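Please read the structure below before turning to the comments.
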Amino acid sequence: MAQRDIPKAYEPGAIEPRWAQQWVERKLYTPEVAAQQRAPDKPSFSLAIPPPNVTGSLHMGHMLEHTQIDILMRWRRMQGHRVLWLPGMDHAGIATQVVVERELAKQGLDRQQIGREEFERRVWEWKAHSGGTIKNQMIRLGASCDWTRERFTLEPALYRAVLEAFLRLYHEKLIYRGRYMINWCPRCLTALSDLEVEHQERDAKLYTIRYPIVGTEHSLSVATTRLETLLGDTAVAVHPEDERYRKFVGQKVLLPLMKREIPVLADEYVDREFGTGVVKITPGHDPNDFEVGRRHGLAEIEVMDDAARMNQNAGPYQGLDRFQARKRVLADLESQGLLEKVEPYRHAVGLCQRCKTLVEPRVSLQWFCKMKPLAEPAIQAVRDGLIKIVPENWEKVYLDWMERIHDWCISRQLWWGHRIPIWHCGDCGALTPARDSQVEVVNDRPQAASPPAECSQCGSGKLTQDADVLDTWFSSALWPFSTLGWPDQTPDLEAFYPTTLMINGFDILFFWDARMIMMGLKLLPQDWPVEKRIPFHTLYIHALVRDADRQKMSKTRGNVVNPLEITERYGTDAVRFTLAIMAAPGTDISLSEDRLKSYRAFANKIWNAARFIFMNLDKAEEASGESAEQILSGKFPLEPSNGERSWPTEPDLADRWICTRVMEVARAVEEALAGFRFHEASHQLYHFFWHDFCDWYIEWVKPRLFSEAGQPNRVAFRNLLCVFEESLRLLHPFMPFITEELWQQLPHKYESIALAPFPQAGKVPDQWEKAAQEMALVQEAIVALRNIRAEMKIDARRRVPGELAATEESVVELFRSQQEVIVRLASLTELKLSPDSLPAEGGVLRHAARFDARVPFSPDDLAVEVKRLQREKEKLGRQLESARTKLANQQFRRKAPQEVVRGLEQRQTEYDTQYQKVSSLLSTLEHRLGTDSAPSAGESR
RNA sequence: AGGCGCGUAGCUCAGUUGGUUAGAGCGCUACCUUGACACGGUAGAGGUCGAUGGUUCGAAUCCAUUCGCGCCUACCA
């Protein structure tokens with residue numbers, strides 16, 4: 001009875017969910033559990049996940065990221081590192097709040113109507129409802145993270161980390177509160193940091209307006225794109241050295257529509273070349289004007305409310321929104337004859353990253369984090385190479401930004417997040433921080449547990465906590481250490497910090513990576529050396545996933561590919577492999593169905609190779625009455641023992657060759673992965689498994705395998721199985737499901753292939769070293785014979801006799817030793833070997849450098865063969881010529897490295913031999929073609 | 001405005017520090033259901049490496065200029 005009867009076609013859907021579930025249940029990826037089976041003999045290898053939005057769902061970007069992370073984690077785990085991939089979720093302040101507000105809107109409600117308490121309750125409810133989505137998706141996709149250590153940014157422990165960080169920075173005066181110009185989203189009703197503003201080029205108009213100079217007939221012409229802000233102007237400015245306007249400095253102009261007199265002042269900020277050289281100054285609504293205003297002590301008039309509607313300061317325009325106001329202002333200026341001209345103008349506008357509403361610069365009382373002192377050590381750490389950024393070019397981007405960093409607005413007028421642990425005094429207005437960072441849970445919600453008892457200034461007890469919450473990225477910045485227990489010095493922090501690696505997309509380089517580095521260096525114990533305080537040793541920046549037309553995937557474009565959906569169709573392993581093999585550093589990935597199909601085919605190939613092997617294993621068990629273990633007699637698998645890797649017993653040429661290939665591939669995969677070149681590693685594996693292992697090795701082994709009646713030849717089979725098992729281990733980091741499924745059906749000593757050792761690159765035994773060359777020569781001979789058959793249109797089903805000849809005795813011997821294989825793989829009836837060259841008579845010839853191949857079959861179209869030979873002769877002639885020219889060049893001989901020259905010399909000899917042979921063969925055939933005088937032969941084609 | 005990246009076979013992309021005849025997958029052509037696999041096998045066709053100039057014995061690779069895309073950063077109204 002067959003033990004391992006597997007379906008003919010690979011069906012990922014039937015196996016993946018089962019393994020996904022088991023892996024989590026058995027906690028295989030919890031380092032402590034893994035260590036029980038196989039004690040790690042290498043250092044810790046840790047990574048904190050870029051935490052996805054707790055209420056979000058997985059997109060292709062996640063899948064790419066997780067695939068790359070998972071490949072590295074599985075690889076290192078198999079190599080014997082103590083691996084921790086720490087998973088978790090981010091509360092994602094604005095993003096989540098926007099979603100919940102949308103839900104409210106469906107019921108005709110907004111958050112103000114239901115109040116903070118109720119709103120927060122609903123967000124937690126929403127989180128409970130949809131918070132598990134990504135986790136389940138990750139599990140389904142086989143992410144090998146340690147779910148026992150899962151974290152959430154708003155859970156009490158991490159809340160405490162945030163309070164601790166805030167209070168420390170506050171006490172050091174690195175966090176301060178003040179009225180400054182910030183970016184305001186009138187829809188989200190919150191401040192945004194500079195990074196949360198997206199810039200977009202848009203067509204607009206540049207309006208030139210006349211500001212009458214008080215007491216004269218003159219006026220100053222001022223250009224602006226934002227007419228409505230005119231209502232808040234408190235000055236106009238010119239450049240101090242601008243001769244045209246010098247005389248007006250100090251005079252007043254009459255602000256149109258508002259009839260307010262405002263000064264003309266001089267400031268270097270003004271660009272004389274632009275527009276008229278006169279700028280209107282609106283300190284309340286423009287970041288530059290704000291600076292100018294502060295320099296000159298101007299009033300900061302706000303003409304809009306928080307929803308960007310004109311307020312009482314906008315006079316007659318009160319109540320209009322900013323766009324209506326612009327139209328009305330335009331109309332009024334026009335009717336008063338103050339509009340000089342309107343020109344089309346293209347400029348960048350700022351949009352709220354979350355809701356795409358036009359951002360309104362606004363003066364507002366907010367909390368800020370001082371960045372310069374934090375940035376300096378963070379710059380140094382990267383400069384000194386303590387933190388490596390890969391690919392390298394991102395390092396420059398990082399440094400550029402860090403060197404020009406501005407203070408970070410960290411307060412948000414949201415209700416979902418970590419509330420600022422500062423209390424305001426109802427009597428004197430002074431600020432008092434929480435006494436410590438303790439957190440308590442009230443109604444299932446964490447909050448600061450140590451409010452101050454009284455005002456630090458006046459001792460009043462009338463204290464209320466600041467209403468704002470912190471920017472989500474503030475808590476994210478602590479993630480690599482808050483998740484490991486900081487501020488406590490936990491065993492986990494000791495064991496896994498600094499994390500080995502951080503992997504994320506370039507879009508959060510500033511948002512997150514830079515801030516993690518700054519906070520890590522600042523907040524970890526200052527008596528630790530710098531290299532222990534950094535959050536990670538290496539930062540790898542991955543590419544973006546685009547659609548097949550190279551468009552960015554986005555909900556608005558409607559081209560979002562759902563990872564779960566394509567996974568259903570192609571299998572997780574195939575999708576993972578596609579992402580890995582397309583992930584060349586520095587290039588975005590454009591995902592196409594064709595690629596997915598071909599790697600599903602690859603999975604199927606693996607499946608069917610297994611099927612072939614399993615069938616024979618079953619057969620062997622049946623015939624012998626022994627178990628697989630007995631049949632393999634302790635010589636399986638090829639795992640290292642005492643640090644030395646083991647080899648197949650009684651290896652024949654193909655065994656020796658495939659082992660050298662395994663060595664090459666293991667080394668290549670190792671080097672590629674160490675350098676984050678996932679595509680290179682995948683290519684190696686693909687080519688190895690499909691072409692080397694299946695196309696050549698399995699086919700090669702078949703004659704030997706079937707040489708005994710009733711059951712497969714034991715040695716041949718055991719070696720085949722050993723190589724197959726090792727291939728599964730090579731493939732496992734890339735294709736975890738299919739490899740686990742197949743591997744489990746072989747004898748094994750670990751609970752999962754994930755805990756088995758990764759094939760060790762090493763050196764094949766010295767006496768095997770010729771195998772690769774010999775194999776290549778035999779392969780070349782087989783291809784030559786097949787090629788003749790194909791060219792001569794010999795029916796593929798028909799076996800014909802073949803001949804090989806070589807002047808080197810060793811080559812003849814080699815062919816003789818592989819006679820059976822050659823006969824089989826070239827579909828021959830017999831193979832004749834001779835120690836000489838072959839004449840053209842009675843067959844079709846191929847000349848290779850070290851042998852001749854012939855099929856004694858008269859071509860039914862001699863002209864075709866002649867043409868082919870002519871082409872070959874031409875090509876050889878070109879190569880020969882090029883080699884000769886180079887070698888004749890004394891400069892080349894003198895300057896080129898010796899091995900290059902020698903290589904070329906050797907090739908020249910080969911070209912020469914072949915050229916001679918082909919020429920003489922050609923002239924014989926041409927002659928025959930002439931004497932046969934079959935005029936139609938040459939002309940019909 | 002500055003910075004980064006891309007332009008190689010019909011399509012999607014590789015090509016480490018310059019060194020054989022520039023590779024892969026898909027697609028295409030022809031033949032083949034041969035004892036795992038038609039999601040397969042065998043053999044093929046297909047590229048003046050965006051353009052120009054330079055360095056070099058030798059350039060897809062290095063340098064300069066240029067054209068066409070894409071992205072990031074920036075306070076020019």
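No hydrogens, no waters, no symmetry mates; every other heavy atom, side chains included, goes into these values. Chain letters run A, B, ... following the sequence lines, proteins first and then strands; every chain starts at 1. These numbers come from a predicted model, not from an experiment.
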What's [X] touching, base or sugar-phosphate or nothing? Going by heavy atoms closer than 4.0 Å.
| X | value |
| --- | --- |
| A/R404 | sugar-phosphate |
| A/E699 | base |
| A/D507 | nothing |
| A/Y345 | sugar-phosphate |
| A/F614 | nothing |
| A/H239 | nothing |
| A/N288 | base |
| A/V279 | base |
| A/V222 | nothing |
| A/F510 | sugar-phosphate |
| A/R786 | sugar-phosphate |
| A/K597 | nothing |
| A/A790 | sugar-phosphate |

Taking the minimum atom-to-atom distance to the side chain of [X], which one of [options] wins?
| X | options | value |
| --- | --- | --- |
| A/N393 | B/G5, B/G19, B/G35 | B/G5 |
| A/A796 | B/C32, B/A43, B/U12 | B/C32 |
| A/K8 | B/A74, B/U12, B/A38 | B/A38 |
| A/N604 | B/A77, B/C71, B/C37 | B/C37 |
| A/Y911 | B/G35, B/C4, B/U21 | B/U21 |
| A/F612 | B/A36, B/A14, B/G40 | B/A36 |
| A/T225 | B/A77, B/C39, B/A43 | B/A77 |
| A/Y269 | B/C76, B/G40, B/A38 | B/C76 |

How long is the line joining [atom1] of [X] and [atom2] of [N], in whole Å?
| X | N | atom1 | atom2 | result |
| --- | --- | --- | --- | --- |
| A/N608 | B/C39 | CG | P | 11 Å |
| A/R789 | B/G44 | CZ | P | 14 Å |
| A/E11 | B/C37 | CD | P | 15 Å |
| A/L399 | B/G3 | CG | P | 16 Å |
| A/D594 | B/U12 | CG | P | 11 Å |
| A/I508 | B/C72 | CD1 | C1' | 15 Å |
| A/R677 | B/A14 | CZ | P | 14 Å |
| A/R894 | B/G58 | CZ | P | 13 Å |

For this session: Please figure out whether A/H687 or A/D194 has its closest RNA chain B nucleotide nearer the 5' end.
Result: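 The 5'-side residue here is A/H687.
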Problem set entry | Along RNA chain B (nearest heavy atom to each residue), the more 5'-positioned of A/D695 and A/H406 |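 It is A/D695, whose closest nucleotide lies nearer the 5' terminus.
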Keeping [X] on the side-chain end and [Y] on the backbone end, is there a donor-acceptor pair under 3.5 Å?
| X | Y | value |
| --- | --- | --- |
| A/R295 | A/D267 | no |
| A/T276 | A/S221 | yes |
| A/Q745 | A/L742 | no |

For [N], what is the paired nucleotide under Watson-Crick or G-U wobble rules, both distances under 3.5 Å?
| N | answer |
| --- | --- |
| B/C39 | none |
| B/C76 | none |
| B/G18 | none |
| B/C62 | B/G54 |
| B/G70 | B/C4 |
| B/A9 | none |

Give me the distance, rounded to whole Å, that separates [N] from [M] when you measure between the [atom1] atoms they each carry.
| N | M | atom1 | value |
| --- | --- | --- | --- |
| B/A59 | B/G54 | C1' | 11 Å |
| B/C28 | B/U12 | C1' | 16 Å |
| B/U42 | B/G47 | P | 24 Å |
| B/G46 | B/U29 | P | 15 Å |
| B/U20 | B/U34 | P | 42 Å |
| B/C26 | B/U33 | C1' | 23 Å |
| B/G19 | B/U61 | P | 11 Å |
| B/G41 | B/A24 | P | 15 Å |

Problem set entry | A/Y180 and A/D407 side chains, donor-acceptor separation under 3.5 Å |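 No donor-acceptor contact under 3.5 Å links the two side chains.
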For this session: Indicate whether the side chain of A/E196 and that of A/S193 have a donor and an acceptor atom separated by less than 3.5 Å.
Result: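 Yes - a donor-acceptor pair under 3.5 Å links their side chains.
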Exercise. Are side-chain heavy atoms of A/K597 and A/Y570 found at a separation under 4.5 Å?
Worked result: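 Heavy-atom side-chain distance check passes, below 4.5 Å.
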Exercise. According to the interplanar angle, ranging from 0 to 90°, do the rings of A/F612 and A/F706 count as parallel (below 30°), tilted (30 to 60°) or perpendicular (above 60°)?
Worked result: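 It falls in the perpendicular class, over 60°.
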Check whether any side-chain N or O of [X] sits under 4.0 Å from OP1 or OP2 of [N], and answer yes or no.
| X | N | result |
| --- | --- | --- |
| A/N787 | B/G44 | yes |
| A/W690 | B/G41 | yes |
| A/K605 | B/G41 | yes |
| A/K886 | B/G58 | no |
| A/R797 | B/U33 | yes |
| A/R595 | B/G25 | no |
| A/K702 | B/A36 | no |

Exercise. Stacking here means centres under 5.5 Å and planes under 30°; does A/F706 stack on B/G35?
Worked result: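 It does: the ring sits over the base of B/G35.
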Exercise. Thinking salt bridges, do A/R569 and A/E593 make one under a 4.0 Å N-O criterion?
Worked result: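 Yes, A/R569 and A/E593 are salt-bridged.
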Exercise. Any N or O donor-acceptor pair linking the side chain of A/Q684 to the base of B/A24 at under 3.5 Å?
Worked result: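 Between B/A24 and A/Q684, which were checked side chain against base, a qualifying N/O pair under 3.5 Å is absent.
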For this session: Scan A/W690, A/F689, A/W696 and name whichever one has a ring-ring contact (aromatic ring centres under 6.0 Å, His included) with A/F693.
Result: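 With A/F693 as partner, A/W690, A/F689, A/W696 yield a single ring-ring contact (aromatic ring centres under 6.0 Å, His included), made by A/F689.
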Exercise. So, for A/V918 and A/H847, which heavy atoms are closest and what is the spacing to 0.1 Å?
Worked result: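 Where A/V918 meets A/H847 most closely, the heavy atoms are N-CD2, 3.8 Å.
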